[in-house]
Structure formats: C-alpha cells, structure tokens
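Before any comments, here is the structure.
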Amino acid sequence: MAKNAIFQYMITSDVVDARGDILGWNRSELYQACASFSRTSFENYAKKIGADHHYSDKRVFTKGHGCSTSLLYECLRVIHDPMFDEYDKVLFADTDIIVNTEENIFDMCNEGAEVYGVLESDIKTPHGGGYNSWDYKKSTYDDFCSKFNMHNCPILPTLPPSRPSKLTILNTGVVVWSKEGRLRAREEFDSWEDWCYSKPSFHMSIMNDQPYISAQLGKHEFDLECLGQEWNDSPHYKTEDEFFEKANFCHYTGGEWKVDMVRHWNNNLYKIPPPKLWERSILP
C-alpha cells in the first residue's frame, strides 16, 4: 500500500509585515489565521485519505535567509529533506487553501509521472483569461524569457490538450511529487539561490519559486502531468456558489481573497464542513 504525505508551512516575520496591511488586517495575523484554517482542513483530509500530514512554522530549508521572496522556496523542503524519503508521493499545499472534497488527490496521480499539478494558464476565469499574464503583456513575457535565458532554461510553450500558452508555468501552490521526481530534483535542479538572488532582478513573480521550479522541470525534462483546475481553483467565479460547487481545493491567492477565506470558513460555506481547530504539535 502506498505511503503518502502532505506538507504545509507558514512563516511570518517583520519582513512580511513591511508589505503593509490588507483591508484593515495586519498581514501576519491574516496569514496566520488562514494557515490555521488550512492546516486544520488538510489534517482532517489527510486522515480521511490515509496520508500523513506535516506542518512547519520555522525556516528549515531556507534557514539563514531573510528576504520574503526566499521564504517561498521553503516548499523545496519536500525535495531536499530526507524525512520525506519514506513516502511514495508528497503533496505540497499552500496554507491559503481549504479542502472542499472527499476525493483523494493521490488517486489522480497514478499516470507514472514525476510531478503533478495545475498550470497557471489552465486556471481559467469567467472572462476567458487565466493567470498567464505573459500571454497578454509583451513586457512580462520578455522579462520571463530574459530570466529563463540567464539560467539556460528552455522557453517551452504549453500545447493542447492544455490551454495554449507561450510559457509552461506550474502553479506551485498545489504540487504532488513522486518519490522518483523528488530524488531526481534533489540531484539535478540548479541552485535556487542563483535564481532568487541573481542580478538583474525582475518582479517578485519571476524571482520566486514558481518560475524556478517550472524552469527546472523543463530544463531537466521532468515528466509533468497536468491536473484539472478543480484541484487548484480560486474564487474568481461570478457567484460564490459556483466556486464551491466546482473547486476541490479552494485556493485564496493574493491578499484580499484571504479576507474572503476567513469569512467563508467562519460561515461554513464549503461542501465539506470545516472541522474545529485543535491543538497540535509543529515540526521544526
């Protein structure tokens, strides 16, 4: 029987708060509230699907780094920390996500691929566009290309049956890694520090973990299998009812949507009623 795990983390600091409040919320307090909800949701989900759940509130993989962008690379812990070597598959999930299904995501990841996730360009909105800003703004596309070229990474378009896009960028808020994929990434991925800190610097959306992981998957020819949008969906629908009906994982990206996450949790609007919070141990 397969042994699987889910990993999440939330780390806040003065560097995070320096980015300013969100709709009257202190940024760290809002992030921590959302993380508590998300952690509870995924702990309950892990029990239902027979997976282990691990949560951390400290820098481990990025220990010694201070900037807010480097904090996003803590997700690479699932690749580099030997504690995950005992697992067949590991799901990394952001802490601004609520589980809205009883379906087992690991059952969706049996095609023999090394990595599973949802592409940015496949997250479609009611207006037709996705989160693929590089397809709509030439200067953004040029910056992505410059960054990829700096690190000798290929510019790979997304082709059908996925939604066509000029770049293949994985939304790294929900990623399932096979054991083979994690071990190969540990050996073959280029330095994340080079990507995060190299000059010239671009917008944070290009310097963070998402383009880095996507570029490395392409450069080293990893087998990536795309999941449906329902496994990483955001509240961009015309009505909240439509969102809750379609999304398996409700992902409140950005800042202001996290305020909606608090309201949705407190008002118990999900298909799967959120469990109560409880005291738990935290990984270092």
Side-chain angles (χ1 to χ4, degrees), residues 2-13 15-16 35 38-39 42 46 51-97 105-106 109 112-118 147-148 150-153 168-198 204-225 232 281-284:
K3 187 175 184 180
N4 302 319
I6 300 170
F7 174 62
Q8 297 183 281
Y9 74 90
M10 171 51 63
I11 306 163
T12 52
S13 67
V15 175
V16 173
S38 181
R39 180 184 178 186
F42 274 98
D52 291 342
H53 183 273
H54 300 289
Y55 184 91
S56 178
D57 64 355
K58 297 179 176 63
R59 283 186 186 259
V60 175
F61 178 68
T62 62
K63 186 176 181 179
H65 295 268
C67 75
S68 58
T69 301
S70 69
L71 196 54
L72 300 172
Y73 286 87
E74 192 70 18
C75 67
L76 297 178
R77 185 175 172 185
V78 300
I79 294 172
H80 294 279
D81 193 329
M83 69 168 281
F84 293 105
D85 289 354
E86 65 177 294
Y87 297 106
D88 297 293
K89 292 184 175 70
V90 177
L91 163 65
F92 171 76
D94 277 347
T95 49
D96 55 358
I97 300 174
I105 189 172
F106 294 112
C109 304
E114 294 171 293
V115 185
Y116 301 82
V118 181
K147 183 63 172 173
F148 275 55
M150 280 174 57
H151 299 275
N152 298 313
C153 296
T168 300
I169 304 292
L170 185 67
N171 184 298
T172 54
V174 176
V175 182
V176 175
W177 293 87
S178 71
K179 184 172 185 177
E180 296 76 15
R182 298 193 309 274
L183 295 178
R184 189 154 83 89
R186 186 185 299 175
E187 295 298 321
E188 297 184 10
F189 272 21
D190 299 339
S191 166
W192 72 270
E193 290 101 331
D194 287 349
W195 188 281
C196 183
Y197 296 119
S198 62
M204 186 271 285
S205 62
I206 297 176
M207 305 299 286
N208 68 27
D209 64 297
Q210 194 157 273
Y212 165 77
I213 291 174
S214 302
Q216 296 304 306
L217 294 177
K219 181 175 183 177
H220 300 288
E221 299 182 345
F222 275 68
D223 186 0
L224 169 63
E225 183 76 19
N232 190 349
S281 60
I282 298 178
L283 279 175

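Residues take their numbers from the sequence shown, with the count starting at 1.
When all heavy atoms of Phe222 and Ala185 are compared, the pair lying nearest together is CZ-N, 3.5 Å. Minimum interatomic distance between Leu71 and Tyr9 (heavy atoms only, all atoms of both residues): O-OH, 2.8 Å. Nearest heavy atom pair, residue Ser38 against residue Gln8, reads OG-NE2, 2.9 Å. The two residues Ile11 and Glu74 have their closest heavy-atom pair at CD1-CG, 4.3 Å. Scanning all heavy atoms of the two residues, the minimum distance from Cys109 to Lys89 falls at O-CE, 2.8 Å. Across every non-hydrogen atom of Ser198 and Lys147, the tightest pair is OG-NZ, 2.8 Å.
The aromatic rings of Phe7 and Phe84 sit perpendicular to each other, their planes meeting at more than 60°, with 30° as the lower class boundary. Ring planes of Tyr197 and His65: parallel class, angle under 30° (limits at 30 and 60°).
For the pair Asp57 and Arg39, the salt-bridge criterion is not met [side-chain N within less than 4.0 Å of a carboxylate O].
Contact check for Tyr55 versus Met10: side-chain heavy atoms found under the 4.5 Å cut-off. Side chains of Leu91 and Val174 form a contact here, defined as non-hydrogen atoms less than 4.5 Å apart. Residues Tyr212 and Phe189 meet the side-chain proximity criterion, which asks for heavy atoms closer than 4.5 Å.
Here His80 and Trp192 keep their ring centres 6.0 angstrom or further from each other.
Interatomic distance, Phe92 CZ to Asp209 CG, rounded to the nearest 0.5 Å: 7.5 Å. Once rounded to the nearest 0.5 Å, the distance linking CG of Asp190 with CD of Gln216 reads 4.0 Å. Atom CG of Leu217 sits about 8.5 Å away from atom CD of Glu114, to the nearest 0.5 Å. Here the straight-line distance linking atom OG of Ser214 with atom CG of Leu170 works out to 5.0 Å at 0.5 Å rounding. Here the OH atom belonging to Tyr73 is positioned 6.0 Å from the CG atom belonging to Asn208, to the nearest 0.5 angstrom. For the atom pair CG of Asp81 and CG of Leu76, the computed distance is 11.5 Å after rounding to the nearest 0.5 Å.
Using modelled atom types, no side-chain atom of Glu225 and backbone atom of Tyr116 make a donor-acceptor pair closer than 3.5 Å. A donor-acceptor pair under 3.5 Å is absent between the side-chain atoms of Arg77 and the main chain of Phe61, judged by distance alone. In this structure, Ser70 contributes its side chain and Cys67 its backbone to a donor-acceptor pair below 3.5 Å. Not one N or O on the side chain of Trp177 forms a donor-acceptor pair closer than 3.5 Å with the backbone of Leu183.
Partner Asp85 forms a salt bridge (Lys or Arg N to Asp or Glu O under 4.0 Å) with one of Arg182, Arg186, Lys3 and no other, that one being Arg186. The only member of Glu187, Glu180, Glu188 that meets side chain to side chain donor-acceptor pair (under 3.5 Å) when paired with Arg184 is Glu188.
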message: Using side-chain contact (heavy atoms from CB on, under 4.5 Å), reason through Phe42 and Ile97 one step at a time and then give a plain yes or no.
response: CA-CA 9 Å; Phe42 274 98; Ile97 300 174; 3.8 Å; yes
